[in-house]
Every structure is written in structure tokens, then in C-alpha cells.
Amino acid sequence: MSLAHGRPYLAIPGPSVMPDAVLAAMHRASPNIYEGDLIDMVDGMIPDLRRTARTEGHVAIYISNGHGAWEAALANTVAPGERVLICATGRFGHGWAEMAQGLGIEVEVLDFGRKTPVEADRVSEALRARPVKAVLMVHTDTSSSLRSDVAEVRRAVDEAGQGALLMVDCIASLGCDPYEMDLWGADVTVTGSQKGLMVPPGLGFVFFSDRAAEVRRAMPRVSRYWDWGPRADPEMFYQYFGGTAPTHHLFGLRAALDLIHAEGIEAIWARHATLARAIWAAAEVWGEGGPLTLNVAEPRHRSHAVTALRLGTPHAARLREWTARAAGVTLGIGLGMSEEGDPKGQGYFRFGHMGHVNAHMILGLLGTVEAGLAALDIPHAPGGVSAAAKVIAEA
Ligand SMILES: *Cc1c(COP(=O)(O)O)cnc(C)c1O
């Protein structure tokens, strides 16, 4: 029977759940883009944006998704023919590498697989073998749900002493997993609007340090549209966005930043950490009596924003179909997790738990999955929801 009527939960790792306050802020007539509220609002938003990435650096905003932010970061810092090193811990690392290749950049991919995070020693070794202009890494790779240590990679880059920039994809992690751009020494941080920032897809953000700004100034040529210079330091409002402003997204973003700063970024990190632990506790119990496993074995390497799980075929697809049809919960598909006997990685699925999610949503999500496992006769140990409730009760 279908029990799906009611408010649906899109529990995929982006786009994330949109708060009512964000939706309400966007529901309005077109504003004037030459004077008035919008202009004042954007000027005031820049410091609030910087606080989400914990940086005193610069920020450029693009009308783009995360892929656009990837391209923007590269277009401002690396010329065709120059070299970068990309640390890959899942599909998104490889995706950023492909983007760089498409720009004519020489790319070396350091592949850590899909089970273990970036290892700083291997980064050091690769840099000793061949210097690069920039090292790129994905903080939380959304396909594997691995989280890597940015500060450790910074130390490896500094030890190599070649002055390489460190560029970090925080598209999945910003506003979910703790991230300290300045403290950890990232030169460039890229993110998008539709994950921890809780706004529809359509805005890309590139934060950059003074050192990255210097590297930009020394570039022979940067595409006019992606040039972060005028966007980060506009002489007039029009330059913030290289053209017409993404008006409604900006109102949504303002509402989201208000929510973020009312709760406090550290409280947000703690909320995500506890909810993630509740999910892991449930999954570990279920796995005691059946095939379900968390993709990342070591808790300290797991993201707090997304969880990749292996259930095998055809169970994973059946479970996703059941939770959507019977209960109104949409789970994420496996991404980039091909393995022997399952070339498309269909035995995997993912929980997105980024942004506007709270304890009752996560308990509902887990209760729904436990019901689905039972309804479909997928072997599992019962009691996952109780284990999750215990984590939440003790938090
Ligand atoms: C979602 C995501 C991307 C891609 O963002 P798009 O908005 O889909 O272009 C890149 N990297 C990571 C880590 C992501 O989570």
C-alpha cells in the first residue's frame, strides 16, 4: 500500500531540502537590478558568505552549478599546458580532472580509490617526482562519501616547497562538514548553492586567497566570463555577476544565510555530525544480519553530509523504488561505484543528509528504510532505528 501522501523527503545528496524560508523569499516579483534593495542586500551578503567558508579572502559568485565553479577555479589560475595534480577519492575527483583536461591543462590523477581518503604521503611523493602549479582535492566526495583531511594535504604541498596552490571542492561539504579555509590553508574553495547552502541549483561560488589572486594577475589570459577579478571587486553592481544578477536565487541565498548564522556554523557542524552518527548506527545494526555495509569503514573518514551504502543487486534498486512509492522518501542512487559483477554500481545507494535536515527527518528516513528492508524480505538485523534513536537521545 502507498503511504506516500504528505510532505515528501528528497534524501539525495543534492539538490537538498529547501527551507520554507528560502522558498518564501524567492516568491516575489522581479526586483530592479539597477538600484534599491537587491544591491544593498548583495553587498551585505559577501561577509556572511565568507563566514560559511571560514575565510577572510575573496569570493566570486557565478550563475552556474558546481561544474561551473570547477571551471572558474581553473580558468583563473592554470593556463593550458601547465600541470595540476588531482587527488581523487571518487567520481567527483575524476570529474574535476576531466574538466581540467578539457581546458588543455596537463593533469596527473592520484587515485585513492573509493574506500580510503587522500593520503598526504602519496601527495608528497607525487610532488617530488614532478612539480605542479596546483593541487586539487575534493573535501567530501559525494559518490563515495569519503572525507579527506585538507590541512594534511596543505602540509604536504608546503613541504614540497614549490609554491603550488591548494584548491578544494567543498560542494558537498560546505555548511555540513567542518571546513576551515584559512586555518587549513586552502587557496581556493569552490562550492554550489544546492547542497549545504539549501538554495536551488544555479549559483557557483569560488573563494580565493590573496596568493591565488596574485596567481590570477600573472595569468597571460583569463576568459572574460570566468574572470573572478571584477566579480570579487566590482566597480558597479552589474559586474558582480558578469551581467544580470540571479535575482531570485539571491533572495533565497539571503534567507539561507540568515538561517545558517542564526543557528551558527559550529552548531550546524555538530547537528550534521550527530545525525550522521545516527545513520551509521542504524546501518551497522542492519548489516549484522544481512548484506548492507557502509562504503567507508573508518568513521573519521566518513562525511557528515552524505552516506554511500552497499546493499547489492537487485536489493538497492528495489529498496529505492519501495521507499519512494510506499513512503515518500527518495534515496540517492549509487554513483561511480562500479565493481566486478555490477558494472554500473547498482548495488549501491546513498543518503543525502545535508543542510535543512533534523532529527525527526533522519529518524523518519531510517524508519522508512527499516520498513522497506522488512517489506522486501532483504536480510538484515532489526533494531537499526533504536540504535539511531539512542544516538540522538544521548546527543
Ligand atoms: C554535487 C557535486 C559536484 C557537482 O555539482 P553540480 O552542481 O552538479 O555541477 C561536484 N563535486 C561535489 C563534491 C559535489 O557534491
- [ ] Flag the pair D158 and R155 as a salt bridge only when some basic side-chain nitrogen lies within less than 4.0 angstrom of an acidic carboxylate oxygen.
- [x] no
Open item on the list: For D141, is there an ion pair with R147 - N to carboxylate O distance below 4.0 angstrom?
Closed with: no
Task: Side-chain H-bond candidate by donor/acceptor type, H301 with D149, under 3.5 Å - done: no
Open item on the list: Counting only heavy atoms not in R325 (residues, nucleotides, ligands), do more than 12 fall under 6.0 Å from its CZ?
Closed with: yes
TODO: Can you establish whether the number of heavy atoms outside N358 located under 6.0 Å from its atom CG is more than 12?
DONE: yes
Name every donor-acceptor pair, under 3.5 Å, that has one atom in a side chain of residues 236-248 and the other anywhere in the protein, sequence neighbours excluded.
unit_1: Q239; atom_1: OE1; unit_2: E235; atom_2: N; d: 2.6
unit_1: Y240; atom_1: OH; unit_2: D43; atom_2: OD1; d: 2.6
unit_1: H248; atom_1: NE2; unit_2: R28; atom_2: O; d: 2.9

Task: Heavy-atom side-chain contact between V150 and M181 under 4.5 Å - done: no
Would you mind writing out the side-chain donor-acceptor pairs for residues 64-74 within the sub-3.5 Å range, not counting sequence neighbours?
unit_1: N65; atom_1: OD1; unit_2: H67; atom_2: N; d: 3.1
unit_1: N65; atom_1: OD1; unit_2: G68; atom_2: N; d: 3.3
unit_1: W70; atom_1: NE1; unit_2: D169; atom_2: OD2; d: 3.0
unit_1: E71; atom_1: OE2; unit_2: W226; atom_2: NE1; d: 3.4

Open item on the list: Between T330 and L10 (side chain of the first, backbone of the second, donor and acceptor by atom type, cut-off under 3.5 Å), is there such a pair?
Closed with: no
- [ ] Of all the heavy-atom pairs spanning W228 and A212, show the shortest one and how long it is.
- [x] CZ2-O, 3.6 Å
- [ ] State yes or no: do I105 and M167 share one hydrophobic cluster built from I, L, V, M, F, W and Y residues joined by side-chain heavy-atom distances below 4.5 Å, directly or via other members?
- [x] yes
Task: Worked verdict on D227 versus R216 for salt bridge (Lys or Arg N to Asp or Glu O under 4.0 Å) - done: CA-CA 9 Å; D227 191 354; R216 152 68 192 96; 2.9 Å; yes
Show every donor-acceptor pair shorter than 3.5 Å between a side-chain atom in residues 114-122 and any protein atom, with sequence neighbours excluded, or say none if there are none.
unit_1: R114; atom_1: NH1; unit_2: G336; atom_2: O; d: 2.8
unit_1: R114; atom_1: NH1; unit_2: S338; atom_2: O; d: 3.2
unit_1: R114; atom_1: NH2; unit_2: S338; atom_2: O; d: 2.7
unit_1: K115; atom_1: NZ; unit_2: N295; atom_2: OD1; d: 2.6
unit_1: T116; atom_1: OG1; unit_2: F112; atom_2: O; d: 3.1

- [ ] Identify, with sequence neighbours excluded, every residue that meets side chain to side chain contact (heavy atoms under 4.5 Å, CB included) alongside E125.
- [x] R128
Open item on the list: Is there a salt bridge (Lys or Arg N to Asp or Glu O under 4.0 Å) between R310 and D342? Walk through the geometry before answering.
Closed with: CA-CA 11 Å; R310 185 178 185 283; D342 180 15; over 6 Å; no
TODO: State whether E266 and R54 are salt-bridged, where the test is any N-O pair (Lys NZ or Arg NE/NH1/NH2 against Asp/Glu carboxylate O) under 4.0 Å.
DONE: yes
Open item on the list: With side chain to side chain contact (heavy atoms under 4.5 Å, CB included) as the test, pick out the partner of L85 among V123, L136, V107.
Closed with: V123
Task: Cluster companions of L3 among Ile, Leu, Val, Met, Phe, Trp, Tyr (side-chain spacing under 4.5 Å) - done: M1
Open item on the list: Within the 4.5 Å heavy-atom criterion, are H139 and S148 side-chain neighbours or not?
Closed with: no
- [ ] Could you tell me whether R51 and E180 make a salt bridge, using a distance below 4.0 angstrom between a side-chain N and a carboxylate O?
- [x] no
TODO: Sort out for me which residue in M354, H360, M361 forms a side chain to side chain contact (heavy atoms under 4.5 Å, CB included) with V357.
DONE: M361
- [ ] Could you tell me the separation between the CZ atom of R211 and the CG atom of L166, rounded to the nearest 0.5 Å?
- [x] 9.5 Å
TODO: Please round to the nearest 0.5 Å and tell me the distance separating atom CG of L203 and atom OG of S193.
DONE: 4.5 Å
Open item on the list: Assess the residue pair E321 and R318 against the criterion (side-chain contact (heavy atoms from CB on, under 4.5 Å)); give the C-alpha distance rounded to whole Å, side-chain angles, the decisive distance to 0.1 Å, and a yes or no.
Closed with: CA-CA 5 Å; E321 189 279 329; R318 288 178 71 221; 5.7 Å; no
Task: Centroid-centroid under 6.0 Å between H58 and F207 rings - done: no
- [ ] Might you point out which heavy atoms bring T89 and S144 nearest each other, and give the distance in Å?
- [x] O-OG, 2.7 Å
- [ ] Kindly say whether R271 contributes a backbone atom to a donor-acceptor pair with the side chain of T274 at under 3.5 angstrom?
- [x] no
Give every donor-acceptor pair under 3.5 Å between a side-chain atom in residues 388-395 and any protein atom, sequence neighbours left out.
unit_1: K390; atom_1: NZ; unit_2: E394; atom_2: OE2; d: 3.4

Task: Which residues share a side chain to side chain contact (heavy atoms under 4.5 Å, CB included) with P131, sequence neighbours left out - done: Q162
TODO: Check side chain to side chain donor-acceptor pair (under 3.5 Å) between E108 and all other residues, then give those that pass, not counting sequence neighbours.
DONE: R83
Task: Heavy-atom closest pair, residues G328 and A4 - done: N-CB, 3.5 Å
TODO: Tell me, please, which residues at least two apart from R300 pass salt bridge (charged side-chain N to carboxylate O under 4.0 Å, His left out).
DONE: E298
Open item on the list: Using modelled atom types and a 3.5 Å cut-off, is there a donor and acceptor pairing between side-chain atoms of S145 and backbone atoms of S303?
Closed with: no
Open item on the list: Let me check something: do L183 and V153 share a hydrophobic cluster, defined by ILVMFWY side-chain heavy atoms less than 4.5 Å apart, either directly or through other members?
Closed with: yes
Open item on the list: Check for me, please, whether I171 and L257 land in the same ILVMFWY cluster - side-chain distances under 4.5 Å, paths through other members count.
Closed with: no
Task: Distance in Å, W322 CH2 paired with L376 CG, rounded so as to fall on 0.5 Å steps - done: 7.0 Å
Open item on the list: Show the nearest heavy-atom pair for residues A156 and L127, with the distance to one decimal.
Closed with: O-CD1, 4.1 Å
TODO: Using the side-chain contact (heavy atoms from CB on, under 4.5 Å) rule, take H261 and D48 through it: C-alpha gap first, then chi angles, then the decisive distance, then the call.
DONE: CA-CA 8 Å; H261 296 308; D48 290 342; 3.7 Å; yes
Open item on the list: For the OG1 atom of T55 and the CZ atom of R50, what is their distance to the nearest 0.5 Å?
Closed with: 7.5 Å
Task: side chain to side chain contact (heavy atoms under 4.5 Å, CB included) against R231, all qualifying residues, sequence neighbours excluded - done: A60, Y62, Y225
Can you list, pair by pair, the side-chain donor-acceptor contacts under 3.5 Å of residues 286-294, counting residues two or more places apart and other chains?
unit_1: W286; atom_1: NE1; unit_2: E370; atom_2: OE1; d: 2.7

Task: Approximate separation, where rounding is to 0.5 Å, of T140 OG1 and K195 NZ - done: 10.5 Å
Task: Salt-bridge present (R154, D187; N to O < 4.0 Å) - done: yes
- [ ] Sequence neighbours left out, what passes side chain to side chain contact (heavy atoms under 4.5 Å, CB included) with H272? Give chain and number order.
- [x] C176, I268, H304
Open item on the list: If hydrophobic clusters are built by linking Ile, Leu, Val, Met, Phe, Trp and Tyr wherever their side-chain heavy atoms come under 4.5 Å apart, do W280 and L331 end up in the same one?
Closed with: yes
Task: Shortest non-hydrogen contact from A359 toward L275 - done: CA-CD2, 3.6 Å
Task: Side-chain H-bond candidate by donor/acceptor type, H353 with T307, under 3.5 Å - done: yes
- [ ] To the nearest 0.5 angstrom, please state how far the CD atom of Q346 sits from the NE2 atom of H315.
- [x] 14.0 Å
- [ ] Spell out, yes or no, whether V168 and V135 are grouped together once hydrophobic residues are joined by side-chain heavy atoms under 4.5 Å, including indirect joins.
- [x] yes
- [ ] Check the side chains of T368 and Y9 for a donor-acceptor pair under 3.5 angstrom, ignoring hydrogens and angles.
- [x] no
TODO: Locate the shortest heavy-atom distance separating I279 from F351; write the atom from each residue and the value.
DONE: CG2-CD1, 3.6 Å
